[in-house]
Number of protein chains: 2
Amino acid sequence: MTADSANEFTKRSFLTLEQAIRNDLAEGRLAVDRRLPSERELAERYRTTRITLREALSHLEMDGLIYRENRRGWFVSDRRLVYNPLWRTDFQRMTREQNRQASTELIEAVSAVAPDDICALLEQPSGTEFWRIRRRRRVDDRLVVFVEHHLSKAVFADILEQDLTGSLTNLYREKYALEYGDVSFEINPVALTGMSATELHCSDGTFGLQIVRVNRDQTGRILDCDVEYWRHDAVSIRIDTRDSIP
Amino acid sequence: MTADSANEFTKRSFLTLEQAIRNDLAEGRLAVDRRLPSERELAERYRTTRITLREALSHLEMDGLIYRENRRGWFVSDRRLVYNPLWRTDFQRMTREQNRQASTELIEAVSAVAPDDICALLEQPSGTEFWRIRRRRRVDDRLVVFVEHHLSKAVFADILEQDLTGSLTNLYREKYALEYGDVSFEINPVALTGMSATELHCSDGTFGLQIVRVNRDQTGRILDCDVEYWRHDAVSIRIDTRDSIP
DNA sequence: TAGTGGTCTAGACCACCCT
DNA sequence: GGGTGGTCTAGACCACTAA
């Protein structure tokens, strides 16, 4: 890791700093094992202050080149996972098809009263209890999405006895003989706060993508509702009407 | 506009400042005609520095509560426009159905060699010339999206003679007897830079949503490709497989 | 425990917008 | 031309991570 580009870096304009870091990243001069040096070291190397440096890093973060883990430092982003919310292939399989490796961690699985907006989406009166399953997923070891599922307690009476770190899609099919039917979803750019930020190890206010899905079975009955919070640089949504919707 | 809440504001913790601003916004104490006071005035009111204040404002910006126009100041965001990229209803109609008012400005309409990635999407060799139409759109007078269209020169030989501030969908149908068929699109969270930032009057690096669409006619022939850059707080994507795809 | 990122202070200059 | 936002300096303390 040489400091060549730092020596060339004389103008202090903001974009020049950003560009210098961008170049060093592209040519692999900056990150060791995907991890950037500390902010103080970077500030010194580019002869600027931490505040200015952090402003530049934030720009690169918004552009999806790097990301940070809360109080752990800055890392180089990997390529985005391509995700089609209309497909019900399970997560493991989706990542495997893209030559990535996925893992899922169960955070909690409890019975709980859903918030009013979730009850409305599930077409149940306010105050209804559902199974609430919270999980988070990694792709190639990086935390990329926090998911909160709300499931009908009547339909999935004994779901807490199942292995909830695997694919719910497969569980539905194999244990409950349910096939997915229609899907509706909503995508919103949001700030990750509270539990989504905590679980994804990102600082409060980091930018993310919220995806709210309502899944139905083959008869049109509402099965469940997922609220997903993605790290914004980890995902690319793609939909093609020529694809069959399995 | 009283300063009550500012007087209550004693702790200087970051979240407290953010929360104080959030409360004042919610109760209408902060913005006059959707515009916030200057940063210096806000810093004084909340007894903090501009740097800290801007950090808090950036959080609220990421959360979609406020936005800024480059060098013009901070404004309160309006509700999001609901957008279904599978629908080909024109923009005017879509906004009208949501009781909003839309307008479109033509930036340029020229013949130009498309970048390699666009040529690939349009399934043409690199270096192919297309009509390049750049426009920007407002909803209720706010700039919300910058769009770049690439159209086949063969199919739309005389399109530059048409009114390009209206709906291209309607032009296709009325002047060229073309109906839309399949659509594919891709949604990426990105930083708005260069022309998209300039045209949307936002500062370089502002967070946005990029939507790349490839539209086909009823026979499957590729018609055009749109690249849209949305201000992130202005849009909510919604898709429902129960909707017919007109 | 040392070092890190997260937050904060108290200033400053410049380019640009608005009047 | 005055005021704005955009950028920058040179420090500081604290909570937390990593060793």
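Chain letters run A, B, ... following the sequence lines, proteins first and then strands; every chain starts at 1.
Spacing between atom CG of Asn70(A) and atom C1' of dA15(D) amounts to 10 Å, rounded to whole angstrom units. Per the geometry, CZ belonging to Phe75(A) stands 8 Å off P belonging to dA18(D), to the nearest Å. dT7(C) atom P lies 16 Å from atom CG of Leu53(A), rounded to whole Å. We find that CD of Glu55(B) is positioned 14 Å from P of dG6(D), with the value rounded to whole Å. Straight-line distance from the CZ atom of Arg54(B) to the P atom of dC8(C): 15 Å, rounded to whole Å. To the nearest angstrom, P of dT4(D) lies 13 Å from CG of Leu36(B). The separation between Arg40(A) atom CZ and dT7(C) atom P is 14 Å, rounded to whole Å. Note: CD (Gln19(A)) to P (dT7(D)) measures 15 Å, nearest angstrom.
Proximity note for Arg72(B) (side chain, C-beta onward) versus dC18(C), dA10(C), dG5(C): the nearest is dC18(C). Nearest to the side-chain atoms of Ile51(A) among the listed nucleotides dT9(C), dG5(D), dG5(C) stands dT9(C). For Thr52(B), the side-chain atoms get nearest to dC8(C) when compared with the rest of dC8(C), dT4(D), dG6(C).
Dashed line: the shortest gap from a side-chain N or O of Thr49(A) to OP1 or OP2 of dG11(D) is not under 4.0 Å. Of the side-chain N and O atoms in Ser38(A), none sit less than 4.0 angstrom from OP1 or OP2 of dG3(C).
Side-chain contact of Thr104(A) with Arg137(A): a donor-acceptor pair under 3.5 Å is present, judged by distance alone. Side-chain N/O atoms of Asn188(B) and Gln210(B) include a donor and acceptor closer than 3.5 Å.
Among the heavy atoms of the strands lying under 4.0 Å from Arg50(B) is at least one base atom, whether or not backbone atoms are also near.
Taking the six-membered ring for Trp, Trp230(A) and Phe146(A) have ring centres at least 6.0 Å apart.
A cation-pi arrangement, defined by a distance under 6.0 Å to the six-membered ring centre and an angle within 45 degrees of its axis, is present between Arg142(A) and Tyr67(A).
Heavy-atom distances to DNA chain D give each of Ser203(B) and Arg35(A) a nearest nucleotide, and the one nearer the 5′ end belongs to Ser203(B).
Here Arg135(A) does not pair with Glu105(A) in a salt bridge; the nearest charged N to carboxylate O distance is not below 4.0 Å.
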